[in-house]
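Down below is the structure, laid out as structure tokens.
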2 protein chains.
Amino acid sequence: MENLKNEEFIHHLSYDSVIFGFNGKLLKILVLEYHNTGLFALPGGFVKRNQSLNEAAKEGLTKRTGLKNVFLEQFYTFGEMERYDGNAMKHILEGNRLDTGKNRWMLDRFITVAYYALINYDKVTPVPDELSDSINWYAVDELPPLMMDHKEIVEKALEVLRKNLDRKIVGMNLLPSKFTMKHLQQVYEAILGEDLRRTTFQRKMLSLNVLDRHEKLYQGKAHKAPYLYSFKQ
Amino acid sequence: MENLKNEEFIHHLSYDSVIFGFNGKLLKILVLEYHNTGLFALPGGFVKRNQSLNEAAKEGLTKRTGLKNVFLEQFYTFGEMERYDGNAMKHILEGNRLDTGKNRWMLDRFITVAYYALINYDKVTPVPDELSDSINWYAVDELPPLMMDHKEIVEKALEVLRKNLDRKIVGMNLLPSKFTMKHLQQVYEAILGEDLRRTTFQRKMLSLNVLDRHEKLYQGKAHKAPYLYSFKQ
DNA sequence: CCAAAAGTGTTTTAGCTACACCCATGA
DNA sequence: TCATGGGTGTAGCTAAAACACTTTTGG
């Protein structure tokens, strides 16, 4: 636990990440479970004194997923007094048999900068952090009870993601490099939580002129094989 | 300067506000000039240990403008290492004859949560803070050289404001309670930095069904008198 | 009665939806 | 050849844009 030394981090400030993945059916996020506590939380961490905020979040994401150069964006900074729960953190430290004296700064109030990431579900083997014994994918509408205000953070992340859907090419990060139109539509439907019209969706996507069409995907099914697409450049 | 006591504030964390106003022609923001330094900066401040982040920003806005209940929204948290400039802050403290020993925490690196506000230009008598000898309106495209990364913060604020223009009823906060369609259009044009079509704009605004029409405004000019409008409820 | 600005009716255009039809595929 | 899912043409609808015309005002 030497990397949690008092001096190394900026106090009172943390980051938390809502890491989205798509398993082909459901939109999921990564959730940690802390040792011996039954507490679930978003993956997060602290900012080193000589490290930029965005770098810290990026580094944290890489540690948990092994992925680099993925879509990661800040979306809100949570700083309410109500989010402070010293007992929860004490519980976590004790569950890890850490000295609550030396690590007192971790029991203080924290303001947290929240990020969301979009990653390729299949390319990831999630790695728990030092304080946790597991990290797992959970469908966004079947989350375990999350500690402090983490549920609220997830909800805000979803809201921002939905709001940005029409501006950003979101599928790029959640899908493998080649995918069918149906896959792409499923991602959109999972994010929006509603069904979309097949023909309308296809035409809208094609009209954006951001997709390259490739060979067809033969699935061994008794129907027309769909084209594979990828995002341009 | 007792309200800058070491113990009272969370270290390494600040907020800065881009406070927009509209003088009838130009989109402007409030800029501070620090005592004896020639340094210009956005109005900002620190977060008390027992105060929520949003409350701190709201309180700071009220202090500088006297206004309560105005539109104020967080839009990004700036945490790059490059934004840290201990010399600038030292310069400011010295310009105010403050002990750089006791106030050493203010020379540290800061991560700042940026807000933007929309206020009614005519209802404000801006008040400088303790470290500044003036606070003034500057047109967004005629800003003085701002310290550290404050120019970048203003640019991001403008970007966010433009992106949100179609979703929020922005004019509500920047105009007096009654205004003509032309005034409203001028606000939009000032924010977007481009001209809009008169007829299209009028119809779009009316179709939103958020305006009440009132009496006409006689300006003593040789042309048809425009209606005055206000935002509903 | 003129010029300028404001308001609105009408036409044109573009995008979306619904529906249909055809195509490709493997059983 | 049948059932199934995929791709696209077309007709209809709606909202936005472009254009033009009328109205109001003070000189």
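Chain identifiers are assigned alphabetically (A, B, ...) following the order of the sequence lines, protein sequences preceding nucleic acid strands; residue numbering begins at 1 within each chain.
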Q.
Is the ring pair B:Tyr116/B:Phe20 parallel, tilted or perpendicular, if the boundaries are 30 and 60 degrees?
A.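 Because their plane-to-plane angle is over 60°, the rings of B:Tyr116 and B:Phe20 count as perpendicular.
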Q: Could you label the plane-to-plane angle of the B:Phe201 and B:Tyr188 rings as parallel, tilted or perpendicular, counting under 30° as parallel and over 60° as perpendicular?
A: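 Plane angle over 60°, so perpendicular.
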Q: Answer yes or no: is there an ion pair linking B:Lys63 with B:Glu59, defined by an N-O contact shorter than 4.0 Å?
A: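 So B:Lys63 pairs with B:Glu59 through a salt bridge.
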**Q.** Residues in salt bridge (charged side-chain N to carboxylate O under 4.0 Å, His left out) contact with A:Lys151, at least two apart in sequence or another chain
**A.**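 With neighbours one apart ignored, the set is A:Glu155.
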**Q.** Summary of protein contacts for nucleotides 18-27 of chain C, nucleotide by nucleotide, where a base hit scores B, a sugar-phosphate-only hit scores S (4.0 Å, heavy atoms)
**A.** BB---BBBB-
Q. So, A:Ser132 side chain and A:Ser134 main chain: donor-acceptor pair closer than 3.5 Å or not?
A.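 Not a single qualifying donor-acceptor pair exists.
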Q. For A:Lys28, does the NZ atom have more than 12 heavy-atom neighbours from other residues, nucleotides or ligands under 6.0 Å away?
A.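 It does: A:Lys28 NZ has more than 12 such atoms within range.
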Can you tell me the distance, in whole Å, between the [atom1] atom of [X] and the [atom2] atom of [N]?
X: A:Tyr229; N: D:dG6; atom1: OH; atom2: P; result: 11 Å
X: B:Leu217; N: C:dA5; atom1: CG; atom2: P; result: 15 Å
X: B:Lys204; N: C:dG7; atom1: NZ; atom2: C1'; result: 18 Å
X: B:Leu228; N: C:dG7; atom1: CG; atom2: P; result: 10 Å
X: A:Arg213; N: D:dG6; atom1: CZ; atom2: P; result: 13 Å
X: B:Tyr227; N: D:dT23; atom1: OH; atom2: P; result: 13 Å
X: A:Gln202; N: C:dG15; atom1: CD; atom2: C1'; result: 17 Å
X: B:Glu215; N: C:dA6; atom1: CD; atom2: P; result: 16 Å

**Q.** Side-chain donor-acceptor pair present, A:Ser230, A:Ser177, cut-off under 3.5 Å
**A.**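 The answer is no; no qualifying pair exists.
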**Q.** Neighbours of DNA chain D within residues 181-188 of chain A, by heavy-atom distance under 4.0 Å
**A.**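 DNA chain D contact set from residues 181-188 of chain A: A:Lys182.
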Q. Is the Lys NZ or Arg CZ of A:Arg213 less than 6.0 Å from the centre of A:Tyr227's six-membered ring, within 45° of the axis?
A.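 Output yes; distance and angle both within limits.
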Q | salt bridge (charged side-chain N to carboxylate O under 4.0 Å, His left out) between B:Glu55 and B:Lys48, worked out | A | CA-CA 10 Å; B:Glu55 271 304 323; B:Lys48 296 198 192 102; over 6 Å; no
